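Worksheet for the structure shown next.
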Amino acid sequence: VRMRVIANAIKRTINDCDKVFVMGHRFSDLDCIGAAIGMQSVMEKSFNLYSKIVVDKTKTMAEKLIDYAEKNIGKDIFITPDEAMKQVTPKTLLIIVDTHLRNSLESPQLYDECKKVIVIDHHRRAVNYIDNALVFCHEPFASSACEMCSETISCIDDKAIGYAQADALLAGIMLDTKNFVLKTGVRTFEAAAFLRRCGADITRVRKMFRDDMASYQAKAEAVRNAEVYRKEYAIAVCPSDIDSPTVLAAQAANELLDISGIKASFVLT
């Protein structure tokens, strides 16, 4: 019921807009980009609005998902923050996904320029959150922003996304739940079932999580050289000669948490 109310509020907000930008946080991940792809599709197909995803491709952890979207949806759905700034009008709507903090936005300047803002986020509320949103959809019990966006899309127009958008949303859910292990509730599986009906394929999504040999070896090296402090804290250092140390560090930290007796892991880059 709550998501239906949110969906109706979003519909009312969209009625007076001429274009929509969808933006997430800096160093965007699969959940951030997946949610943005889903909302961009709804804005374009259901409301026939000019809609773009604002992302800095040089500073993202979702390169594979962006490449997949450009091949299967279109290269024109992504736009840089500088390009978006040039196109802002008084009626421009900014949809913020996977964050509710101004300081963590991909472009705080774009947020400052846009008079109409919608926030969709699942993180626990922190201080200095965005407090001028026309619609503030905040669900800390949700597994991911992609889960929330999937529910919203199903309430607005369940035919607004194709298989590629469904794949992107499912990838975000799988990332934030660690393949449906963490923070997974009934609504998480219902959202995944909706995406499966829309054409999402687990095999295609799993390919986005695959590493190349160099990255896999670097991750294995970080785990192999980890030291255990006070019998329950694993500390490791990520090799410095790889392209995406932040992503690899997160993966290595997850691997260390699977070791019996380890309560917390720290991987330095």
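None of the values given here were measured: they were computed from a predicted structure.
Closest approach of Ala142 to Lys183, counting heavy atoms only: O-NZ, 3.4 Å. Smallest separation of non-hydrogen atoms from Leu195 and Leu170: CD1-N, 3.6 Å. Smallest separation of non-hydrogen atoms from Arg204 and Gly199: NH2-O, 2.9 Å. Residues Ala84 and Leu110 share a closest heavy-atom pair of CB-CD2, 4.0 Å.
Of the possible donor and acceptor atoms, one in the side chain of Arg26 sits under 3.5 Å from a partner among the backbone N and O of Asn103. The backbone N or O of Lys57 sits nowhere less than 3.5 Å from a side-chain atom of Thr60 that would complete a donor-acceptor pair. Lys116 places a side-chain N or O within 3.5 Å of a backbone atom of Asp16 that can act as its donor or acceptor partner. One N or O on the side chain of Glu83 and one on the backbone of Thr80 form a donor-acceptor pair closer than 3.5 Å. A donor-acceptor pair is defined here as one N or O able to donate and one able to accept, closer than 3.5 Å; no such pair exists between the side chain of Ser215 and the backbone of Asp212. Under a 3.5 Å cut-off, the side chain of Thr184 and the backbone N or O of Leu182 do form a donor-acceptor pair. A side-chain donor-acceptor contact under 3.5 Å links Ser41 to the backbone of Ala160.
Taken from CD1 in Ile242 to OG1 in Thr269, the straight-line distance is 8.5 Å, to the nearest 0.5 Å. In this structure, CD1 on Ile130 lies 11.0 Å from CZ on Arg125, to the nearest 0.5 angstrom. Ser51 contributes atom OG, which lies 4.0 Å from atom CD of Gln40 (distance to the nearest 0.5 angstrom). Rounding to the nearest 0.5 angstrom, the gap separating the CD atom in Glu190 from the OG atom in Ser150 is 12.0 Å. Going from atom CD1 of Ile14 over to atom CD1 of Ile118 covers 5.5 Å, rounded to the nearest 0.5 Å. Annotation: the span from Ile96 atom CD1 to Ser104 atom OG amounts to 8.5 Å, rounded to 0.5 Å.
Hydrophobic clustering (side-chain heavy atoms under 4.5 Å, transitive across Ile, Leu, Val, Met, Phe, Trp, Tyr) groups Ile10 together with Val42. Note on Val20: it clusters hydrophobically with Ile156, by side-chain heavy-atom contacts below 4.5 Å among ILVMFWY residues. Grouping the Ile, Leu, Val, Met, Phe, Trp and Tyr side chains by contacts below 4.5 angstrom, directly or via other members, places Phe180 with Met148. Both Phe21 and Val117 are part of a single hydrophobic cluster, where members link through side-chain heavy atoms under 4.5 Å apart. Under the 4.5 Å side-chain heavy-atom criterion for grouping Ile, Leu, Val, Met, Phe, Trp and Tyr, Met208 is connected to Tyr163 within one hydrophobic cluster.
Annotation: His100 is not in aromatic contact with His123 [ring centroid separation under 6.0 Å not met].
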- Task: Go through Ser143 and Thr177 one step at a time and tell me if the side-chain hydrogen bond (donor to acceptor under 3.5 Å, both in side chains) criterion holds.
- Result: CA-CA 6 Å; Ser143 69; Thr177 61; 5.8 Å; no

- Message: Checking His138 against Asp121 for the side-chain hydrogen bond (donor to acceptor under 3.5 Å, both in side chains) test, could you report, in this order, the C-alpha distance in whole Å, the side-chain angles of both residues, the deciding distance, and whether it holds?
- Response: CA-CA 5 Å; His138 182 242; Asp121 187 31; 5.0 Å; no

- Message: If you apply the rule side chain to side chain contact (heavy atoms under 4.5 Å, CB included), what do you find for Met23 with Ile53, and how did you get there?
- Response: CA-CA 6 Å; Met23 180 173 68; Ile53 299 168; over 6 Å; no

- Would Met3 and Cys137 satisfy side chain to side chain contact (heavy atoms under 4.5 Å, CB included), going step by step from the backbone distance to the final call? CA-CA 8 Å; Met3 297 313 293; Cys137 181; 3.9 Å; yes

- List the steps, then state whether side-chain hydrogen bond (donor to acceptor under 3.5 Å, both in side chains) holds for Glu147 with Thr188. CA-CA 6 Å; Glu147 176 188 320; Thr188 311; 2.8 Å; yes

- Task: Give the C-alpha distance, both sets of side-chain angles, the deciding distance and a yes or no for side chain to side chain contact (heavy atoms under 4.5 Å, CB included) between Asn15 and Lys11.
- Result: CA-CA 6 Å; Asn15 288 335; Lys11 287 181 183 179; 5.6 Å; no

- Item | Pair Leu175-Phe209, side chain to side chain contact (heavy atoms under 4.5 Å, CB included): steps then yes or no | CA-CA 9 Å; Leu175 174 76; Phe209 291 86; 4.1 Å; yes

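Applying the under-4.5 Å side-chain rule to Ile, Leu, Val, Met, Phe, Trp and Tyr, the cluster around Met61 extends to Phe27, Val247.
Residues Tyr68 and Ile73 fail the side-chain proximity criterion, which asks for heavy atoms closer than 4.5 Å. Put simply, the side chain of Ile153 reaches to within 4.5 Å of the side chain of Leu169, judged on heavy atoms. Contact annotation: the side chain of Gln109 never approaches that of Pro81 to less than 4.5 Å [non-hydrogen atoms, C-beta and beyond]. By the 4.5 Å heavy-atom criterion applied to side chains, Val135 and Arg12 are not counted as neighbours.
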Output a table of donor-acceptor pairs, distance under 3.5 Å, between side-chain atoms of residues 29-39 and any protein atom two or more places apart or on a different chain; print 'none' if there are none.
| from | atom 1 | to | atom 2 | distance (Å) |
| --- | --- | --- | --- | --- |
| Asp29 | OD1 | Asp31 | N | 3.3 |
| Asp29 | OD1 | Cys32 | N | 2.9 |
| Asp31 | OD1 | Ala145 | N | 3.2 |
| Asp31 | OD1 | Cys146 | N | 2.9 |
| Asp31 | OD2 | His122 | NE2 | 3.4 |
| Asp31 | OD2 | Ala145 | N | 3.0 |

Indicate every side-chain donor-acceptor pair of residues 221-239 with a distance under 3.5 Å to a residue at least two apart or in another chain.
| from | atom 1 | to | atom 2 | distance (Å) |
| --- | --- | --- | --- | --- |
| Glu221 | OE2 | Arg224 | NH2 | 3.2 |
| Glu221 | OE2 | Asn225 | ND2 | 2.9 |
| Asn225 | ND2 | Glu221 | O | 3.3 |

Name the atoms and distances for all side-chain donor-acceptor pairs under 3.5 Å in residues 86-95, with sequence neighbours left out.
| from | atom 1 | to | atom 2 | distance (Å) |
| --- | --- | --- | --- | --- |
| Gln87 | OE1 | Tyr50 | OH | 2.7 |
| Thr89 | OG1 | Asp18 | OD1 | 3.2 |
| Thr89 | OG1 | Asp18 | OD2 | 2.7 |
| Thr89 | OG1 | Lys91 | N | 3.3 |
| Thr89 | OG1 | Thr92 | N | 3.4 |
| Thr89 | OG1 | Thr92 | OG1 | 3.0 |
| Thr92 | OG1 | Thr89 | N | 2.8 |
| Thr92 | OG1 | Thr89 | O | 3.2 |

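More than 12 heavy atoms of other residues, nucleotides or ligands shown are found within 6.0 angstrom of NZ on Lys178. Within 6.0 Å of CZ on Arg206 lie no more than 12 heavy atoms contributed by other residues, nucleotides or ligands. Under a cut-off of 6.0 angstrom, the local environment of CG in Asn48 is sparse, with at most 12 non-hydrogen atoms contributed by other residues, nucleotides or ligands. No more than 12 heavy atoms of other residues, nucleotides or ligands lie within 6.0 Å of OH in Tyr216, so this atom counts as exposed by the packing criterion.
Applying the side chain to side chain contact (heavy atoms under 4.5 Å, CB included) criterion to Asp112, with sequence neighbours excluded, gives Arg102. The side chain to side chain contact (heavy atoms under 4.5 Å, CB included) check on Asp158 picks up Phe194, with sequence neighbours excluded.
In the model, Ser144 has no side-chain atom that pairs as donor or acceptor with a side-chain atom of Asp176 under 3.5 Å.
A salt bridge links Lys219 with Asp211: the closest approach of a Lys/Arg side-chain nitrogen to an acidic carboxylate oxygen falls below 4.0 angstrom. A salt bridge links Arg2 with Glu139: the distance from a Lys NZ or Arg NE/NH1/NH2 to an Asp or Glu carboxylate oxygen falls below 4.0 Å. Classification of Lys207 and Asp167 as a salt-bridged pair fails, no side-chain N sitting under 4.0 Å from a carboxylate O.
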